[in-house]
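For reference, the structure is listed below as structure tokens.
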Amino acid sequence: MLEITDLHVAVDGKPILKGVDLSVQAGEVHAVMGPNGSGKSTLAHVIAGRPGYAVTAGEIRYLGQDLIGQTPEERARAGIFLAFQYPVEIPGVANIQLLKSALNQVRRARGETELDAMDFLDYVQSRLGLVGMKEELLYRAVNEGFSGGEKKRNEILQMAVLEPRLAILDETDSGLDIDALKAVADGVNALRGPQRAMVLVTHYQRLLNYIRPDRVHVLADGRMVKSGGPELALELEERGYGWLEAAPEARRARA
Amino acid sequence: MGKSENVGIGDLMQEEYRWGFVTDVEQERVPKGLSEDVVRLISAKKGEPEWLLEWRLAAYRHWRTLSEPHWAKVHHPPIDYQGIHYYAAPKKKAGPSKLADVDPEILATYEKLGIPLKEQEMLAGVAVDAVFDSVSVATTYKEKLASLGIVFCAFSEAVREHPELVRQYLGSVVPHTDNFFASLNAAVFSDGTFVYVPKGVRCPMELSTYFRINANDTGQFERTLIIADEGSQVSYLEGCSAPRRDENQLHAAVVELVALQDAVIKYSTVQNWYPGDKEGRGGIYNFVTKRGDCRGARSRISWTQVETGSAITWKYPSCLLRGDDAVGEFYSVAVTRGRQQADTGTKMIHIGKNTRSTVVSKGISAGEGSNAYRGLVKVLAGADNARNYTQCDSLLMGSRCAAHTFPYLEVKNDSAQVEHEATTGKIGDDQLFYLQSRGLSAEDAVNMIVNGFCKEVFKELPMEFAVEAQKLLAVSLEGAVG
Amino acid sequence: MRIAQEERAAYLAAGRSAMEAGPSWLKLGRHEALESFFRAGFPGREEAWKYTSLTALEKRRLHSPAPGAEFLPDSLPAGHLLTYGNGYALSRSTSLPEGMLGRLDVALAHTTLPAAARFGTLAGRESALVALDTALWREGVVLHVPAQWRVDEPIFIVRTIDEDGAMVHERSLIVLEPGARATVVELCNGRGDYWRNAATEIFVGARAHLSYVKLVEDGAAAIHTGALFARQEQDSRLDVLSLALGGQLTRQDIALDLAGAGAGATLNGCFLAGGRSHVDHHTRIEHTAAHTQSREAFRGIAAGRGRGVFDGLIVVRPGAQKADARQSSRNLLLSPLAEIDAKPQLEIYADDVKCSHGATVGRLDESQVFYLRSRGIGDVQARAMLTHAFALEACAAIAPGTLRDWLTQRLDGALDRLVEEGRK
């Protein structure tokens with residue numbers, strides 16, 4: 001579903017990703033881990049098409065299509081979803097208004113009809129339970145005055161409503177207490193399926209206690225330095241990232 | 001403090017002005033009043049070239065067409081411009097050429113002020129130019145700076161030694177027609193400081209001038225001109241004080257800064273002129289025009305001021321951001337108490353592309369003090385991607401003080417991003433209680449909160465002056481909270 | 001600048017019929033006001049007119065028009081309705097008695113009416129334009145709500161001007177006695193290059209609650225100068241919304257006085273300046289009494305070569321302890337030649353207060369645009385959504401319901417036209 005080869009990305013002229021490879025098949029969940037500043041968030045954002053992130057080499061293919069050059073909305077309509085680490089506050093735009101506009105855009109792109117107001121509301125309400133979110137938050141301005149946990153649940157709610165093919169969760173576990181973390185993980189697990197792929201970007205292993213990945217990758221200094229099964233995450237938890245950064249293959253890659 | 005809870009403002013606002021001594025030095029003064037003859041006399045006393053005399057006279061003639069501005073939020077009785085001595089100098093055979101020639105009385109004054117010039121030469125750190133009433137008395141560290149090509153001297157000396165530089169830059173930032181007080185200064189300025197930092201040179205020490213008004217009925221009209229040539233850097237500090245007198249004294253200075261490409265000028269002021277007594281008698285009228293010109297690309301001018309003195313402060317250190325990517329900054333703490341009035345702020349004029357400016361202003365009003373921030377952020381049509389952030393906070397202590405905020409935002413370019421925020425309030429009772437419940441006295445708690453309030457500004461000051469500024473603030477506000 | 005002798009005759013001629021009617025005290029007041037306008041002339045050099053010039057007005061040859069036609073906007077919500085054409089009363093459709101809602105000149109002819117004593121006590125002669133209005137207004141509107149009365153449905157006053165070169169001076173007097181409630185919408189529309197000069201006085205009695213909306217939809221060549229003065233007594237509430245959506249040059253002066261302890265006010269506004277239009281709001285909120293609260297939020301959008309001005313002053317008078325004031329002025333520039341001038345000001349003379357203001361000028365926040373785009377919403381639509389959301393924040397001053405929905409529609413429609421213009 002997602003094929004990233006030798007991806008180089010620069011932000012403000014500064015190289016951040018220096019040759020990343022990643023291959024994710026439908027139905028799989030991958031975790032991308034790594035220390036702060038390794039380029040994890042950059043990878044997440046560049047897949048979603050954030051302006052200002054320049055791809056200087058390599059390619060990103062999604063369902064066989066080249067993503068580079070596509071606008072963020074084209075990618076979203078094609079089924080890519082990014083759950084933000086810091087969900088943006090948008091005063092004056094009601095949550096429900098955003099959901100409705102976004103869903104109808106995505107449905108139109110899929111060749112489906114737009115939902116009318118009643119059907120839409122039924123549909124959204126059916127999804128609220130998945131993330132344990134209070135209904136009143138639908139009518140508040142997007143993320144404005146939301147607690148950290150509410151913001152993250154809101155991201156998962158959007159994911160549940162938009163039903164993406166490929167979901168990238170950027171540090172979705174950061175700043176959550178254990179209850180919120182469980183609620184978010186339950187939402188994510190409920191959305192796992194054979195047609196859907198997920199990439200979890202995270203610094204810590206703890207989210208992986210609740211969402212079991214198929215593959216784990218370690219990103220350091222803009223390169224994937226190690227890949228493995230779920231056991232790799234546990235090893236990282238125990239040993240930290242230091243040993244990997246000093247590992248021969250990382251050193252070789254840096255040279 | 002025994003009776004900690006309810007210390008009356010009146011009881012404790014008595015902290016006397018500690019710098020209010022008079023130095024007994026023989027003065028040479030031009031008679032009171034202003035006329036073309038007085039302007040010629042000042043120029044002649046200083047042995048100035050003809051072009052400078054003509055410039056002064058043009059300024060004087062222009063000044064006569066102007067009237068005193070009254071838009072600021074300050075009130076004062078009319079100033080009798082014919083009742084002022086426009087020139088006063090310590091009587092000397094010739095100008096002092098080295099420290100040993102300086103009148104010991106004057107040196108003693110600086111000792112009292114905590115600026116021991118003699119020690120300055122031995123202790124590493126600060127090079128001092130001291131302006132006593134109207135003339136520059138002595139400059140330390142000259143030789144060392146000269147070896148780097150840095151000129152740091154009295155303005156009158158610069159006119160003699162570096163006429164081409166003075167002529168090129170004098171009035172190029174603040175023209176002699178700029179405003180009432182700037183024109184007056186241009187006509188009668190008697191001395192001041194001149195700094196030139198050559199291309200690529202980083203000035204290795206803080207440069208400092210100490211201004212003091214001593215004689216009575218004397219105006220002080222110094223003029224400072226600092227030029228940072230391409231790629232150079234300089235940090236400059238001025239300190240001010242004056243003796244206690246019952247009459248108001250006028251201080252109308254002009255400061256011009258020129259930063260060429262990639263140059264950095266940091267200009268810091270700790271102003272502690274005599275503020276008058278608690279009934280509002282006496283004190284300095286501090287009417288000052290300060291402006292920096294970021295003439296070259298990537299140049300940077302940063303103003304930091306701590307204003308605790310003067311009966312009235314009227315000054316707006318400004319930046320013309322002409323070069324692309326130029327940066328202007330203004331950090332200010334202004335304290336008014338007793339009957340002090342301050343109307344101060346800045347102008348940030350964005351002309352070049354990608355220019356940025358930051359304004360942080362902290363006003364503290366106590367007793368019957370009145371404190372106004374007045375600022376302009378102007379983005380011209382060609383200033384693509386200009387950015388400004390302004391934060392103005394006012395702290396009120398006592399029910400009879402006043403705090404005002406008057407920002408002007410004028411934006412003619414749609415790629416600009418201009419943000420202004422301001423808050424006004426008093427020290428929170430819960431904050432005071434929290435600190436007191438941890439064992440602090442009310443006074444210490446207030447100091448801690450006020451210092452926290454001013455922190456963003458103090459951190460911009462050179463270390464030793466930050467400490468001095470904090471002490472000054474503590475003294476200024478002693479007993480200011482009830 | 002004083003008005004020259006030869007021009008004075010023109011004003012006298014234009015105002016003759018208005019000035020000769022009514023009781024003698026009113027006539028005298030009109031003549032005195034005209035004299036003070038002649039002495040002061042049009043404002044120009046003072047600080048309050050730094051960003052706005054009326055020279056276009058001084059150049060126009062203006063006359064007093066004949067009664068014009070009624071023009072009602074689409075889907076006006078149900079309520080009480082008064083219509084005016086070129087300053088003359090046209091129709092009246094309300095269940096309220098004439099003494100409560102009707103013509104001001106008729107009310108002033110009976111000086112025994114309680115509202116009459118308030119007339120002119122707020123809109124004095126300090127401003128030359130208000131003085132001219134005081135001299136030349138005709139017919140006018142009065143609303144007087146007795147103590148404890150509730151007028152549930154909104155009261156619409158639709159003022160249309162449809163004659164080129166017309167000069168119309170409008171006047172409104174709104175009095176809510178203690179505990180009364182009402183909602184008033186003054187709607188200004190029309191076509192042609194007329195000058196509308198308006199003055200409204202509002203008195204909100206103790207515990208009374210007034211919502212007041214000024215909706216400006218003047219024709220594209222019109223000049224509109226408006227002044228609103230309000231005084232609030234103890235524990236009263238006043239919500240003001242000023243929507244400036246039309247006209248060539250619009251200047252609104254709004255002054256609220258929180259004179260009674262515990263009084264609260266919201267003052268919101270939204271202005272759209274497109275084409276070559278110029279919209280200027282000058283607001284002044286005075287906290288005169290203790291424990292008063294004000295919330296002010298203005299949203300400005302400038303496109304084309306439009307210019308928007310916001311000058312808002314908050315004053316806390318000595319003794320007005322526990323005053324709580326918040327002001328925000330946020331402005332969007334949609335095109336390279338548009339301009340915004342903002343001047344938020346605080347003048348505080350008491351210490352136990354909480355006051356803040358904020359002002360911003362800039363473009364849309366690109367991170368918000370990206371967030372919406374990452375959810376599949378197109379760039380153009382995302383920007384339109386954010387622009388609408390930005391503007392609609394101002395409408396929060398009005399309670400949710402039919403009226404707010406309708407106002408939102410008016411704002412949305414005007415905004416669509418502005419955004420459309422911006423894209424061209």
Side-chain angles (χ1 to χ4, degrees), chain A residues 44-53 70-95 97-110 114 139 141-144 151 154-155 157-159 161-164 166-168 170, chain C residues 241 243 268-270 272 295 297-301 326 328-332 358-360 362-398 400-401 404-405 407-409 411-412 415-416 419:
Chain A
H45 279 91
V46 84
I47 297 170
R50 182 169 197 115
Y53 286 46
Q70 288 194 24
T71 64
E73 58 269 33
E74 284 165 347
R75 301 179 199 212
R77 290 168 195 172
I80 295 178
F81 180 87
L82 170 66
F84 283 55
Q85 179 179 8
Y86 303 109
V88 180
E89 298 190 4
I90 309 183
V93 173
N95 222 353
Q97 189 188 349
L98 164 63
L99 283 172
K100 188 166 183 219
S101 302
L103 178 65
N104 282 333
Q105 294 287 359
V106 170
R107 287 179 66 93
R108 217 184 302 162
R110 289 190 209 134
E114 296 187 13
Y139 301 96
V142 178
N143 292 324
E144 197 185 28
K151 282 182 181 172
N154 199 24
E155 293 294 292
L157 173 70
Q158 292 179 22
M159 178 166 100
V161 168
L162 298 178
E163 299 188 303
L166 171 66
I168 300 138
D170 186 13
Chain C
L241 172 62
L243 294 176
N268 284 13
C270 178
L272 310 182
R295 294 287 178 266
F298 267 76
R299 300 289 176 262
I301 301 177
R326 259 191 253 156
S328 92
S329 158
R330 293 179 55 206
N331 302 281
L332 271 185
T360 59
R363 289 200 274 216
L364 290 172
D365 180 347
E366 289 301 322
S367 69
Q368 294 182 342
V369 175
F370 171 64
Y371 189 74
L372 293 179
R373 289 175 70 191
S374 78
R375 297 296 179 255
I377 296 165
D379 189 59
V380 169
Q381 196 196 344
R383 284 171 199 282
M385 253 171 107
L386 291 170
T387 308
H388 279 266
F390 174 85
L392 287 178
E393 280 177 90
C395 291
I398 300 304
R404 185 156 106 184
D405 293 346
L407 291 168
T408 303
Q409 275 172 31
L411 179 54
D412 274 341
L415 200 52
D416 282 341
V419 169

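So that the names make sense, note that chain A is the first sequence line, chain B the second, and so on, each numbered from 1.
- No hydrogens or angles considered: a donor-acceptor pair under 3.5 Å links the side chains of Arg299(C) and Ser328(C).
- For Glu393(C), the part lying under 4.5 angstrom from a heavy atom of chain A is the side chain only.
- Other residues, nucleotides and ligands place no more than 12 heavy atoms under 6.0 Å from the CZ atom of Arg326(C).
- With no hydrogens or angles considered, a side-chain donor-acceptor pair links Gln105(A) and Gln381(C) at under 3.5 Å.
- Interface residue Val106(A): only side-chain heavy atoms are found under 4.5 Å from chain C.
- A side-chain donor-acceptor contact under 3.5 Å links Glu73(A) to the backbone of Asp379(C).
- Residue with the most contacts toward chain A among Ser367(C), Gly376(C), Ala389(C): Gly376(C) (heavy-atom pairs, distance under 4.5 Å).
- Heavy-atom pairs under 4.5 Å with chain C peak, among Leu103(A), Leu98(A), Ile80(A), at Leu98(A).
- Ranking Arg75(A), Gln97(A), Glu155(A), Glu74(A) against chain C, the residue ahead of the rest is Glu155(A), based on heavy-atom pairs under 4.5 Å.
- Using a distance-only test at 3.5 Å, with no hydrogens or angles considered, no donor-acceptor pair links the side chain of Asn95(A) to the main chain of Tyr139(A).
- Residue contact with chain A, scored on non-hydrogen atoms closer than 4.5 Å, involves the backbone and the side chain of Ile377(C) alike.
- Gln368(C) contributes a side-chain N or O that, together with a main-chain N or O of Glu89(A), makes up a donor-acceptor pair within less than 3.5 Å.
- Contact tally against chain A (heavy-atom pairs below 4.5 Å) for Ala396(C), Gly378(C), Ala382(C), Ala391(C): the top residue is Gly378(C).
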